[in-house]
Amino acid sequence: MSETAEKATLAVGGKQLDMPIKKGTIGPDVMDISSLYAQAKMFTFDPGFTSTASCESKITYIDGDEGVLLYRGYPIEQLAEHGDFIETCYLLLYGNLPNLAERKEFEDAITHHTMIHEQMSRFFSGFRRDAHPMAVMVGTVGALSAFYHDSTDINDPRQREIASRRMIAKLPTIAAMTYKYSIGQPFVYPRNDLSYASNFLHMCFAVPCEPYKVNPVLARAMDRIFTLHADHEQNASTSTVRLAGSSGANPFACIAAGIACLWGPAHGGANEAALEMLAEIGHVDNIPKYIAKAKDKNDPFRLMGFGHRVYKNYDPRAKIMQKTAHEVLQELGIKDDPLLDVAVELEQIALKDEYFVERKLYPNIDFYSGITLRALGFPTSMFTVLFALARTVGWIAQWREMIEDPNQRIGRPRQLYTGATQRDYMPMSRRGK
Ligand code: ACO
(Lines give C-alpha, C1' and ligand atoms only; values in the text may rest on other atoms or scores of the structure.)
Protein backbone atom coordinates (compact mmCIF):
# COMPACT_ATOMS: atom_id res chain seq x y z
CA MET A 1 0.00 0.00 0.00
CA SER A 2 1.41 3.39 -0.93
CA GLU A 3 0.21 6.82 0.06
CA THR A 4 -0.53 9.17 -2.83
CA ALA A 5 0.21 12.90 -2.88
CA GLU A 6 -3.52 13.43 -3.27
CA LYS A 7 -5.69 14.01 -0.18
CA ALA A 8 -9.43 13.83 0.34
CA THR A 9 -10.71 16.92 2.09
CA LEU A 10 -13.62 16.63 4.47
CA ALA A 11 -15.42 19.71 5.67
CA VAL A 12 -16.71 18.92 9.18
CA GLY A 13 -17.91 21.36 11.86
CA GLY A 14 -16.31 24.33 10.14
CA LYS A 15 -12.94 22.55 9.86
CA GLN A 16 -11.21 21.24 6.72
CA LEU A 17 -9.67 17.84 7.38
CA ASP A 18 -7.21 16.22 5.01
CA MET A 19 -7.49 12.46 4.75
CA PRO A 20 -4.63 10.56 3.08
CA ILE A 21 -5.54 8.53 -0.02
CA LYS A 22 -3.85 5.15 -0.29
CA LYS A 23 -3.34 3.04 -3.38
CA GLY A 24 -3.28 -0.71 -3.78
CA THR A 25 -1.88 -2.51 -6.82
CA ILE A 26 -5.30 -2.76 -8.50
CA GLY A 27 -8.82 -1.81 -7.47
CA PRO A 28 -10.28 1.32 -5.91
CA ASP A 29 -8.11 3.62 -3.78
CA VAL A 30 -9.02 4.05 -0.13
CA MET A 31 -9.45 7.15 1.97
CA ASP A 32 -7.65 6.63 5.28
CA ILE A 33 -10.05 7.91 7.92
CA SER A 34 -8.27 6.37 10.91
CA SER A 35 -7.55 9.83 12.37
CA LEU A 36 -11.12 11.08 11.84
CA TYR A 37 -12.35 10.56 15.40
CA ALA A 38 -9.26 12.17 16.90
CA GLN A 39 -9.66 15.19 14.62
CA ALA A 40 -13.42 15.59 14.34
CA LYS A 41 -14.91 13.52 17.19
CA MET A 42 -17.06 11.83 14.57
CA PHE A 43 -17.37 8.24 13.35
CA THR A 44 -18.23 7.04 9.85
CA PHE A 45 -21.48 5.10 9.38
CA ASP A 46 -21.44 2.18 6.96
CA PRO A 47 -23.72 -0.71 7.97
CA GLY A 48 -22.86 -3.86 6.04
CA PHE A 49 -19.45 -2.33 5.24
CA THR A 50 -20.44 -1.50 1.66
CA SER A 51 -17.80 1.26 1.39
CA THR A 52 -15.32 0.19 4.04
CA ALA A 53 -12.00 -1.60 3.51
CA SER A 54 -11.40 -3.33 6.84
CA CYS A 55 -7.81 -4.33 6.14
CA GLU A 56 -4.93 -4.36 3.68
CA SER A 57 -4.50 -7.75 1.95
CA LYS A 58 -2.32 -9.37 -0.71
CA ILE A 59 -4.30 -12.60 -1.06
CA THR A 60 -7.42 -12.32 -3.22
CA TYR A 61 -8.70 -9.67 -5.60
CA ILE A 62 -12.24 -9.36 -6.93
CA ASP A 63 -13.53 -6.96 -9.55
CA GLY A 64 -17.24 -7.47 -9.15
CA ASP A 65 -18.21 -5.25 -12.09
CA GLU A 66 -16.00 -7.15 -14.51
CA GLY A 67 -16.50 -10.60 -12.96
CA VAL A 68 -12.81 -11.08 -12.12
CA LEU A 69 -11.43 -13.23 -9.30
CA LEU A 70 -7.67 -13.56 -8.73
CA TYR A 71 -5.89 -15.63 -6.08
CA ARG A 72 -2.47 -14.03 -5.54
CA GLY A 73 -2.84 -12.55 -9.03
CA TYR A 74 -3.80 -15.76 -10.84
CA PRO A 75 -7.26 -15.86 -12.50
CA ILE A 76 -9.57 -18.45 -10.94
CA GLU A 77 -10.34 -19.87 -14.40
CA GLN A 78 -6.66 -20.77 -14.94
CA LEU A 79 -6.24 -22.29 -11.50
CA ALA A 80 -9.40 -24.37 -11.87
CA GLU A 81 -8.44 -25.54 -15.36
CA HIS A 82 -4.70 -26.18 -14.97
CA GLY A 83 -4.02 -26.38 -11.24
CA ASP A 84 -5.48 -28.28 -8.33
CA PHE A 85 -6.55 -27.65 -4.77
CA ILE A 86 -3.26 -28.57 -3.08
CA GLU A 87 -1.40 -26.14 -5.32
CA THR A 88 -4.08 -23.51 -4.63
CA CYS A 89 -3.67 -24.01 -0.87
CA TYR A 90 0.08 -23.49 -1.19
CA LEU A 91 -0.48 -20.40 -3.33
CA LEU A 92 -2.93 -18.83 -0.89
CA LEU A 93 -0.75 -19.56 2.14
CA TYR A 94 2.68 -18.69 0.78
CA GLY A 95 2.00 -16.27 -2.09
CA ASN A 96 3.45 -18.24 -5.02
CA LEU A 97 2.77 -21.44 -6.91
CA PRO A 98 5.04 -24.19 -5.53
CA ASN A 99 7.93 -25.67 -7.48
CA LEU A 100 8.16 -29.47 -7.63
CA ALA A 101 10.04 -29.91 -4.34
CA GLU A 102 7.84 -27.42 -2.50
CA ARG A 103 4.72 -29.11 -3.75
CA LYS A 104 5.96 -32.53 -2.71
CA GLU A 105 6.88 -31.38 0.78
CA PHE A 106 3.55 -29.59 1.26
CA GLU A 107 1.41 -32.39 -0.16
CA ASP A 108 3.26 -34.98 1.94
CA ALA A 109 2.74 -32.92 5.09
CA ILE A 110 -0.99 -32.49 4.41
CA THR A 111 -1.44 -36.15 3.45
CA HIS A 112 0.31 -37.37 6.60
CA HIS A 113 -1.73 -35.30 9.03
CA THR A 114 -5.22 -36.33 7.98
CA MET A 115 -5.96 -38.53 11.00
CA ILE A 116 -7.53 -36.88 14.01
CA HIS A 117 -6.85 -37.67 17.66
CA GLU A 118 -8.72 -40.93 18.25
CA GLN A 119 -10.48 -39.49 21.27
CA MET A 120 -12.08 -36.90 19.03
CA SER A 121 -14.11 -39.59 17.34
CA ARG A 122 -16.03 -40.02 20.62
CA PHE A 123 -17.02 -36.41 20.44
CA PHE A 124 -19.36 -37.20 17.59
CA SER A 125 -21.48 -39.61 19.59
CA GLY A 126 -22.44 -36.73 21.89
CA PHE A 127 -24.44 -35.21 19.04
CA ARG A 128 -27.91 -36.30 17.96
CA ARG A 129 -27.77 -38.24 14.69
CA ASP A 130 -30.21 -35.77 13.15
CA ALA A 131 -28.11 -32.73 14.11
CA HIS A 132 -27.38 -30.42 11.19
CA PRO A 133 -23.85 -31.29 9.98
CA MET A 134 -22.85 -27.62 10.29
CA ALA A 135 -23.73 -27.71 14.00
CA VAL A 136 -21.41 -30.71 14.36
CA MET A 137 -18.70 -28.92 12.37
CA VAL A 138 -18.79 -25.79 14.53
CA GLY A 139 -18.45 -27.96 17.64
CA THR A 140 -15.80 -30.38 16.45
CA VAL A 141 -13.55 -27.85 14.68
CA GLY A 142 -13.70 -25.63 17.79
CA ALA A 143 -12.79 -28.72 19.81
CA LEU A 144 -9.52 -29.13 17.88
CA SER A 145 -8.08 -26.52 20.23
CA ALA A 146 -8.79 -28.91 23.10
CA PHE A 147 -6.74 -31.65 21.41
CA TYR A 148 -3.81 -29.83 19.82
CA HIS A 149 -2.46 -27.61 22.59
CA ASP A 150 0.97 -27.58 20.98
CA SER A 151 -0.24 -25.38 18.12
CA THR A 152 -2.39 -22.74 19.79
CA ASP A 153 0.29 -20.16 20.62
CA ILE A 154 -0.38 -17.54 17.98
CA ASN A 155 2.87 -15.71 18.74
CA ASP A 156 4.99 -18.67 17.66
CA PRO A 157 5.35 -18.81 13.82
CA ARG A 158 6.09 -22.54 13.95
CA GLN A 159 2.90 -23.25 15.89
CA ARG A 160 0.92 -21.09 13.47
CA GLU A 161 2.35 -23.15 10.60
CA ILE A 162 1.52 -26.45 12.29
CA ALA A 163 -2.03 -25.33 13.13
CA SER A 164 -2.54 -24.19 9.50
CA ARG A 165 -1.44 -27.50 8.02
CA ARG A 166 -3.35 -29.48 10.62
CA MET A 167 -6.60 -27.79 9.74
CA ILE A 168 -6.18 -28.18 5.97
CA ALA A 169 -5.35 -31.86 6.52
CA LYS A 170 -7.99 -32.69 9.13
CA LEU A 171 -11.02 -30.77 7.90
CA PRO A 172 -11.85 -33.40 5.23
CA THR A 173 -11.65 -36.12 7.88
CA ILE A 174 -13.94 -34.21 10.24
CA ALA A 175 -16.35 -33.35 7.43
CA ALA A 176 -16.51 -37.00 6.28
CA MET A 177 -17.00 -38.21 9.87
CA THR A 178 -19.82 -35.69 10.26
CA TYR A 179 -21.48 -37.19 7.20
CA LYS A 180 -20.94 -40.80 8.24
CA TYR A 181 -22.29 -40.07 11.71
CA SER A 182 -25.43 -38.47 10.26
CA ILE A 183 -26.23 -41.59 8.23
CA GLY A 184 -25.25 -44.09 10.93
CA GLN A 185 -22.33 -45.62 9.05
CA PRO A 186 -18.91 -46.41 10.54
CA PHE A 187 -16.19 -43.81 10.15
CA VAL A 188 -13.74 -44.51 7.32
CA TYR A 189 -10.11 -43.66 8.11
CA PRO A 190 -8.11 -41.49 5.69
CA ARG A 191 -5.86 -43.13 3.11
CA ASN A 192 -2.44 -41.68 2.42
CA ASP A 193 -2.19 -43.19 -1.07
CA LEU A 194 -5.06 -41.05 -2.36
CA SER A 195 -5.14 -37.43 -3.47
CA TYR A 196 -6.82 -34.83 -1.26
CA ALA A 197 -10.16 -34.93 -3.11
CA SER A 198 -10.12 -38.72 -3.73
CA ASN A 199 -9.37 -39.37 -0.07
CA PHE A 200 -12.30 -37.20 0.91
CA LEU A 201 -14.71 -38.99 -1.46
CA HIS A 202 -13.39 -42.31 -0.17
CA MET A 203 -13.95 -41.33 3.47
CA CYS A 204 -17.49 -40.23 2.60
CA PHE A 205 -18.66 -43.05 0.37
CA ALA A 206 -16.61 -46.18 1.15
CA VAL A 207 -17.97 -48.77 3.58
CA PRO A 208 -15.89 -51.46 5.33
CA CYS A 209 -17.78 -54.37 3.73
CA GLU A 210 -16.84 -53.75 0.09
CA PRO A 211 -14.14 -52.11 -2.02
CA TYR A 212 -14.76 -48.57 -3.24
CA LYS A 213 -12.90 -47.14 -6.19
CA VAL A 214 -12.92 -43.38 -6.55
CA ASN A 215 -14.02 -42.23 -10.01
CA PRO A 216 -11.26 -39.84 -11.26
CA VAL A 217 -13.76 -37.59 -13.09
CA LEU A 218 -15.73 -37.13 -9.88
CA ALA A 219 -12.54 -36.61 -7.86
CA ARG A 220 -11.47 -33.91 -10.34
CA ALA A 221 -14.88 -32.23 -9.99
CA MET A 222 -14.60 -32.35 -6.20
CA ASP A 223 -11.11 -30.88 -6.37
CA ARG A 224 -12.36 -28.09 -8.62
CA ILE A 225 -15.21 -27.29 -6.24
CA PHE A 226 -12.64 -26.97 -3.44
CA THR A 227 -10.46 -24.69 -5.61
CA LEU A 228 -13.38 -22.44 -6.56
CA HIS A 229 -14.39 -21.99 -2.91
CA ALA A 230 -10.89 -21.60 -1.45
CA ASP A 231 -10.98 -17.85 -0.80
CA HIS A 232 -13.08 -14.80 -1.55
CA GLU A 233 -11.40 -11.85 0.19
CA GLN A 234 -13.21 -10.06 3.04
CA ASN A 235 -16.63 -11.77 2.94
CA ALA A 236 -18.71 -12.23 6.10
CA SER A 237 -17.08 -15.46 7.32
CA THR A 238 -13.54 -14.30 6.54
CA SER A 239 -14.17 -11.03 8.33
CA THR A 240 -15.52 -13.08 11.24
CA VAL A 241 -12.30 -15.12 11.32
CA ARG A 242 -10.20 -11.95 11.24
CA LEU A 243 -12.27 -10.27 13.94
CA ALA A 244 -12.16 -13.33 16.19
CA GLY A 245 -8.42 -13.64 15.55
CA SER A 246 -7.79 -9.96 16.26
CA SER A 247 -8.40 -10.61 19.95
CA GLY A 248 -5.66 -13.25 19.99
CA ALA A 249 -8.03 -16.24 19.98
CA ASN A 250 -6.40 -19.51 18.88
CA PRO A 251 -6.67 -20.46 15.17
CA PHE A 252 -8.98 -23.45 15.71
CA ALA A 253 -11.46 -21.25 17.60
CA CYS A 254 -11.23 -18.61 14.84
CA ILE A 255 -11.99 -21.12 12.08
CA ALA A 256 -14.93 -22.46 14.11
CA ALA A 257 -16.23 -18.86 14.24
CA GLY A 258 -15.88 -18.65 10.46
CA ILE A 259 -17.84 -21.89 10.05
CA ALA A 260 -20.65 -20.50 12.23
CA CYS A 261 -20.89 -17.40 10.04
CA LEU A 262 -20.74 -19.38 6.82
CA TRP A 263 -23.76 -21.41 7.89
CA GLY A 264 -26.23 -18.57 7.21
CA PRO A 265 -28.46 -18.78 4.10
CA ALA A 266 -27.28 -15.40 2.80
CA HIS A 267 -23.71 -16.77 2.72
CA GLY A 268 -22.53 -20.41 2.54
CA GLY A 269 -25.97 -21.82 3.28
CA ALA A 270 -27.16 -20.51 -0.10
CA ASN A 271 -26.12 -23.65 -2.06
CA GLU A 272 -28.37 -25.75 0.16
CA ALA A 273 -31.14 -23.16 -0.17
CA ALA A 274 -30.65 -22.97 -3.97
CA LEU A 275 -31.15 -26.70 -4.42
CA GLU A 276 -34.16 -26.71 -2.11
CA MET A 277 -35.60 -23.89 -4.19
CA LEU A 278 -35.05 -25.78 -7.47
CA ALA A 279 -36.80 -28.79 -5.92
CA GLU A 280 -39.67 -26.59 -4.73
CA ILE A 281 -40.07 -25.11 -8.23
CA GLY A 282 -40.02 -28.70 -9.45
CA HIS A 283 -40.86 -28.12 -13.12
CA VAL A 284 -40.04 -25.51 -15.74
CA ASP A 285 -43.75 -24.66 -16.03
CA ASN A 286 -43.69 -23.29 -12.48
CA ILE A 287 -40.81 -20.88 -13.12
CA PRO A 288 -42.91 -17.78 -13.99
CA LYS A 289 -44.77 -18.09 -10.69
CA TYR A 290 -41.49 -18.11 -8.75
CA ILE A 291 -39.99 -15.28 -10.77
CA ALA A 292 -43.07 -13.22 -9.87
CA LYS A 293 -42.66 -14.15 -6.20
CA ALA A 294 -38.99 -13.09 -6.27
CA LYS A 295 -39.98 -9.69 -7.68
CA ASP A 296 -42.83 -9.13 -5.23
CA LYS A 297 -41.64 -6.80 -2.45
CA ASN A 298 -44.33 -8.19 -0.12
CA ASP A 299 -43.05 -11.73 -0.54
CA PRO A 300 -39.82 -12.63 1.31
CA PHE A 301 -38.95 -15.21 -1.38
CA ARG A 302 -35.65 -14.58 -3.18
CA LEU A 303 -34.14 -16.52 -6.05
CA MET A 304 -31.49 -18.42 -4.15
CA GLY A 305 -28.17 -18.62 -6.00
CA PHE A 306 -28.81 -15.23 -7.61
CA GLY A 307 -27.21 -11.93 -6.68
CA HIS A 308 -24.02 -11.14 -4.86
CA ARG A 309 -22.83 -8.27 -2.73
CA VAL A 310 -19.70 -7.83 -4.84
CA TYR A 311 -20.37 -9.38 -8.27
CA LYS A 312 -22.56 -7.16 -10.36
CA ASN A 313 -21.70 -9.32 -13.35
CA TYR A 314 -21.51 -13.09 -13.90
CA ASP A 315 -19.69 -14.73 -10.99
CA PRO A 316 -16.63 -16.24 -12.80
CA ARG A 317 -16.87 -19.27 -10.51
CA ALA A 318 -20.46 -19.90 -11.62
CA LYS A 319 -19.33 -20.41 -15.24
CA ILE A 320 -16.75 -23.03 -14.23
CA MET A 321 -19.27 -24.63 -11.90
CA GLN A 322 -21.83 -24.86 -14.69
CA LYS A 323 -19.30 -26.73 -16.88
CA THR A 324 -18.33 -28.99 -13.98
CA ALA A 325 -22.00 -29.79 -13.30
CA HIS A 326 -22.44 -30.95 -16.91
CA GLU A 327 -19.24 -33.05 -16.77
CA VAL A 328 -20.38 -34.81 -13.60
CA LEU A 329 -23.89 -35.49 -14.90
CA GLN A 330 -22.46 -36.86 -18.14
CA GLU A 331 -19.99 -39.10 -16.32
CA LEU A 332 -22.76 -40.47 -14.15
CA GLY A 333 -25.04 -40.93 -17.14
CA ILE A 334 -27.68 -38.60 -15.69
CA LYS A 335 -29.34 -37.40 -18.87
CA ASP A 336 -32.57 -36.00 -17.57
CA ASP A 337 -32.17 -34.24 -14.30
CA PRO A 338 -35.38 -32.26 -13.77
CA LEU A 339 -33.58 -29.92 -11.36
CA LEU A 340 -30.93 -29.15 -13.96
CA ASP A 341 -33.69 -28.42 -16.49
CA VAL A 342 -35.27 -26.02 -14.02
CA ALA A 343 -31.87 -24.44 -13.30
CA VAL A 344 -31.00 -23.88 -16.98
CA GLU A 345 -34.41 -22.43 -17.78
CA LEU A 346 -34.52 -20.27 -14.66
CA GLU A 347 -31.10 -18.86 -15.47
CA GLN A 348 -32.16 -18.01 -19.03
CA ILE A 349 -35.37 -16.32 -17.94
CA ALA A 350 -33.79 -14.38 -15.07
CA LEU A 351 -30.88 -13.16 -17.23
CA LYS A 352 -33.40 -11.54 -19.62
CA ASP A 353 -35.88 -10.29 -17.03
CA GLU A 354 -35.79 -6.52 -16.51
CA TYR A 355 -35.95 -6.82 -12.69
CA PHE A 356 -32.81 -8.97 -12.56
CA VAL A 357 -31.00 -7.11 -15.35
CA GLU A 358 -31.59 -3.70 -13.71
CA ARG A 359 -30.33 -4.92 -10.33
CA LYS A 360 -27.43 -6.81 -11.91
CA LEU A 361 -28.53 -10.08 -10.32
CA TYR A 362 -26.55 -12.87 -11.97
CA PRO A 363 -26.26 -16.52 -10.93
CA ASN A 364 -23.62 -17.00 -8.25
CA ILE A 365 -21.49 -20.08 -7.62
CA ASP A 366 -24.14 -21.66 -5.40
CA PHE A 367 -26.58 -21.92 -8.26
CA TYR A 368 -24.69 -24.78 -9.94
CA SER A 369 -22.66 -26.19 -7.08
CA GLY A 370 -25.77 -27.67 -5.44
CA ILE A 371 -26.65 -29.69 -8.55
CA THR A 372 -23.09 -30.99 -8.82
CA LEU A 373 -22.82 -31.93 -5.16
CA ARG A 374 -26.15 -33.74 -5.28
CA ALA A 375 -24.98 -35.72 -8.31
CA LEU A 376 -21.77 -36.61 -6.43
CA GLY A 377 -24.01 -38.18 -3.79
CA PHE A 378 -24.07 -35.58 -1.02
CA PRO A 379 -27.30 -34.70 0.77
CA THR A 380 -28.15 -30.99 0.79
CA SER A 381 -27.37 -30.71 4.50
CA MET A 382 -23.69 -31.43 3.65
CA PHE A 383 -23.31 -28.70 1.04
CA THR A 384 -22.24 -25.94 3.40
CA VAL A 385 -19.89 -28.36 5.16
CA LEU A 386 -18.06 -28.86 1.86
CA PHE A 387 -17.89 -25.11 1.42
CA ALA A 388 -16.39 -24.79 4.91
CA LEU A 389 -13.84 -27.49 4.16
CA ALA A 390 -12.70 -25.67 1.02
CA ARG A 391 -12.76 -22.19 2.57
CA THR A 392 -10.65 -23.24 5.54
CA VAL A 393 -7.43 -22.54 3.64
CA GLY A 394 -8.63 -19.05 2.71
CA TRP A 395 -9.61 -18.30 6.29
CA ILE A 396 -6.22 -19.52 7.51
CA ALA A 397 -4.31 -17.50 4.91
CA GLN A 398 -6.26 -14.37 5.90
CA TRP A 399 -5.83 -15.06 9.62
CA ARG A 400 -2.06 -15.52 9.18
CA GLU A 401 -1.77 -12.35 7.13
CA MET A 402 -3.52 -10.46 9.93
CA ILE A 403 -1.41 -11.96 12.73
CA GLU A 404 1.80 -11.25 10.79
CA ASP A 405 0.83 -7.61 10.19
CA PRO A 406 2.89 -5.45 12.61
CA ASN A 407 0.09 -2.86 12.68
CA GLN A 408 -2.57 -5.40 13.70
CA ARG A 409 -4.89 -4.27 16.50
CA ILE A 410 -8.05 -5.73 17.96
CA GLY A 411 -11.00 -5.11 15.61
CA ARG A 412 -13.48 -2.85 17.35
CA PRO A 413 -16.17 -1.15 15.23
CA ARG A 414 -18.03 1.82 16.67
CA GLN A 415 -21.77 2.57 16.51
CA LEU A 416 -24.40 5.24 16.14
CA TYR A 417 -26.32 4.95 19.41
CA THR A 418 -30.08 5.56 19.06
CA GLY A 419 -31.29 4.09 22.36
CA ALA A 420 -32.55 5.81 25.51
CA THR A 421 -30.48 8.62 26.95
CA GLN A 422 -29.36 8.37 30.58
CA ARG A 423 -32.21 7.91 33.05
CA ASP A 424 -32.49 6.99 36.71
CA TYR A 425 -33.32 3.52 37.99
CA MET A 426 -36.98 3.28 38.95
CA PRO A 427 -38.02 1.09 41.90
CA MET A 428 -40.61 -1.63 41.15
CA SER A 429 -43.22 0.16 43.29
CA ARG A 430 -43.22 3.09 40.88
CA ARG A 431 -43.33 1.10 37.62
CA GLY A 432 -47.09 0.54 37.56
CA LYS A 433 -48.91 -2.75 37.35
N1 ACO B 1 -33.85 -12.54 -5.70
C2 ACO B 1 -34.65 -11.50 -5.88
N3 ACO B 1 -34.29 -10.20 -5.63
C4 ACO B 1 -33.04 -9.99 -5.17
C5 ACO B 1 -32.14 -11.06 -4.96
C6 ACO B 1 -32.58 -12.38 -5.24
N7 ACO B 1 -31.77 -13.41 -5.06
N8 ACO B 1 -30.96 -10.57 -4.49
C9 ACO B 1 -31.12 -9.25 -4.42
N10 ACO B 1 -32.37 -8.89 -4.83
C11 ACO B 1 -32.88 -7.52 -4.96
C12 ACO B 1 -33.24 -6.92 -3.60
O13 ACO B 1 -34.59 -7.16 -3.23
C14 ACO B 1 -32.96 -5.46 -3.84
O15 ACO B 1 -34.03 -4.94 -4.59
P16 ACO B 1 -34.49 -3.39 -4.39
O17 ACO B 1 -33.29 -2.56 -4.80
O18 ACO B 1 -35.68 -3.24 -5.28
O19 ACO B 1 -34.81 -3.23 -2.92
C20 ACO B 1 -31.74 -5.46 -4.77
O21 ACO B 1 -31.82 -6.71 -5.48
C22 ACO B 1 -30.40 -5.37 -4.03
O23 ACO B 1 -30.35 -6.41 -3.05
P24 ACO B 1 -29.58 -6.31 -1.66
O25 ACO B 1 -30.19 -7.30 -0.72
O26 ACO B 1 -29.51 -4.88 -1.24
O27 ACO B 1 -28.14 -6.78 -2.09
P28 ACO B 1 -27.00 -7.27 -1.12
O29 ACO B 1 -25.72 -6.97 -1.80
O30 ACO B 1 -27.19 -6.74 0.26
O31 ACO B 1 -27.28 -8.85 -1.04
C32 ACO B 1 -27.19 -11.18 -1.38
C33 ACO B 1 -26.53 -9.80 -1.67
C34 ACO B 1 -27.34 -11.38 0.14
C35 ACO B 1 -26.24 -12.27 -1.90
C36 ACO B 1 -28.55 -11.25 -2.09
O37 ACO B 1 -28.41 -11.07 -3.47
C38 ACO B 1 -29.29 -12.57 -1.80
O39 ACO B 1 -29.96 -12.69 -0.77
N40 ACO B 1 -29.17 -13.58 -2.73
C41 ACO B 1 -29.77 -14.88 -2.50
C42 ACO B 1 -28.89 -15.69 -1.57
C43 ACO B 1 -27.61 -16.17 -2.22
O44 ACO B 1 -27.63 -16.71 -3.30
N45 ACO B 1 -26.49 -15.96 -1.50
C46 ACO B 1 -25.19 -16.44 -1.94
C47 ACO B 1 -24.19 -15.38 -1.91
S48 ACO B 1 -22.70 -15.98 -2.63
C49 ACO B 1 -21.87 -16.81 -1.42
O50 ACO B 1 -22.01 -16.61 -0.24
C51 ACO B 1 -20.96 -17.85 -1.92
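Being a predicted model, the structure only gives us computed values, none of them experimental. Whatever order the structure lists them in is the order used to number ligands and atoms, beginning at 1.
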Next item on the list: Report the residues that fulfil side-chain contact (heavy atoms from CB on, under 4.5 Å) with Glu87, sequence neighbours left out, ordered by chain and then residue number.
Entry: Asp84, Leu97, Pro98, Arg103
Margin query: Side chains of Tyr196 and Glu107 only: does a donor on one sit below 3.5 Å from an acceptor on the other?
Written below: no
Notebook entry, point to check: Does the protein put a heavy atom under 4.0 Å from atom 12 (C) of ligand 1?
Noted result: yes
Next item on the list: Report yes if the side chains of Phe367 and Leu278 come closer than 4.5 Å at any heavy-atom pair, otherwise no.
Entry: yes
Margin query: So is Phe367 touching ligand 1 or not, going by heavy atoms under 4.0 Å?
Written below: no
Notebook entry, point to check: Does Phe306 reach ligand 1 with a nitrogen or oxygen that is under 3.5 Å from one of the ligand's nitrogen or oxygen atoms?
Noted result: yes
Next item on the list: For atom 31 (O) of ligand 1, state which one of Lys295, Arg302, Arg317 supplies the nearest heavy atom.
Entry: Arg302
Check: Against heavy atoms of Phe387, which atoms of ligand 1 measure under 4.0 Å?
Finding: 51 (C)
Next item on the list: May I ask whether Lys297 places a heavy atom under 4.0 Å from ligand 1?
Entry: yes
Note to self: Under the rule for salt bridge (Lys or Arg N to Asp or Glu O under 4.0 Å), what residues qualify as partners of Lys360, not counting sequence neighbours?
What the structure shows: none
Check: Which atoms of ligand 1 are found less than 4.0 Å from any heavy atom of Ala270?
Finding: 43 (C), 44 (O), 45 (N), 46 (C)
Margin query: Only heavy atoms of Ala294, strictly under 4.0 Å: list the atoms of ligand 1 that pass.
Written below: 2 (C)
Note to self: Closer than 4.0 Å and a protein heavy atom, does any atom meet both conditions relative to atom 39 (O) of ligand 1?
What the structure shows: yes
Margin query: Are Asn271 and Leu275 packed together at the side-chain level, in the sense that at least one heavy-atom pair is separated by less than 4.5 angstrom?
Written below: no
Check: For atom 1 (N) of ligand 1, what's the nearest protein heavy atom and its distance?
Finding: Leu303 N, 3.1 Å
Note to self: Tell me if a side-chain donor or acceptor on Tyr417 pairs with a main-chain N or O of Ala420 at a distance below 3.5 Å.
What the structure shows: yes
Check: Can you list the atoms of ligand 1 that are under 4.0 Å from a heavy atom of Asp366?
Finding: 46 (C), 48 (S), 49 (C), 51 (C)
Checklist line | Sub-4.0 Å protein heavy atom near atom 27 (O) of ligand 1 | finding: no
Note to self: If you take the nearest heavy atom of each of Met304, Met277, Arg309, Arg359, which one is closest to atom 29 (O) of ligand 1?
What the structure shows: Arg309
Notebook entry, point to check: Do you see a donor-acceptor pair shorter than 3.5 Å between the side chains of Ser369 and Thr372?
Noted result: no
Check: In a check of ring pair (Phe, Tyr, Trp, His ring centres under 6.0 Å) between His229 and each of Phe383, Tyr71, Phe387, Phe85, which one passes?
Finding: Phe387
Checklist line | Close-contact set for ligand 1 against Tyr355 heavy atoms, below 4.0 Å | finding: 2 (C), 3 (N), 4 (C), 11 (C), 13 (O)
Item checked: Pair Ser51-Asp46, side-chain donor/acceptor within less than 3.5 Å -> no
Checklist line | Identity and distance of the protein heavy atom lying nearest atom 4 (C) of ligand 1 | finding: Leu361 CD1, 3.5 Å
Item checked: Validation row: His202, Tyr212 side chains within 4.5 angstrom (heavy atoms) -> yes
Margin query: I want to check a possible cation-pi pair here: Lys104 against Phe106, using under 6.0 Å from ring centre and within 45° of the ring axis as the test.
Written below: no
Check: Which atoms of ligand 1 sit under 4.0 Å from any heavy atom of Gly305?
Finding: 43 (C), 44 (O)
Notebook entry, point to check: Do we see a donor-acceptor contact under 3.5 Å between the side chains of Thr111 and Asp108?
Noted result: no
Next item on the list: For atom 47 (C) of ligand 1, find the nearest protein heavy atom and state the residue, atom name and distance (0.1 Å precision).
Entry: Ala266 O, 3.7 Å
Item checked: Shortest protein contact, atom 48 (S) of ligand 1 (heavy atom only) -> His308 CD2, 3.4 Å
Next item on the list: Looking only at protein heavy atoms, identify the closest one to atom 35 (C) of ligand 1 and say how far it is in Å.
Entry: Gly307 O, 3.7 Å
Margin query: Yes or no: does Phe301 have any heavy atom under 4.0 Å from an atom of ligand 1?
Written below: no
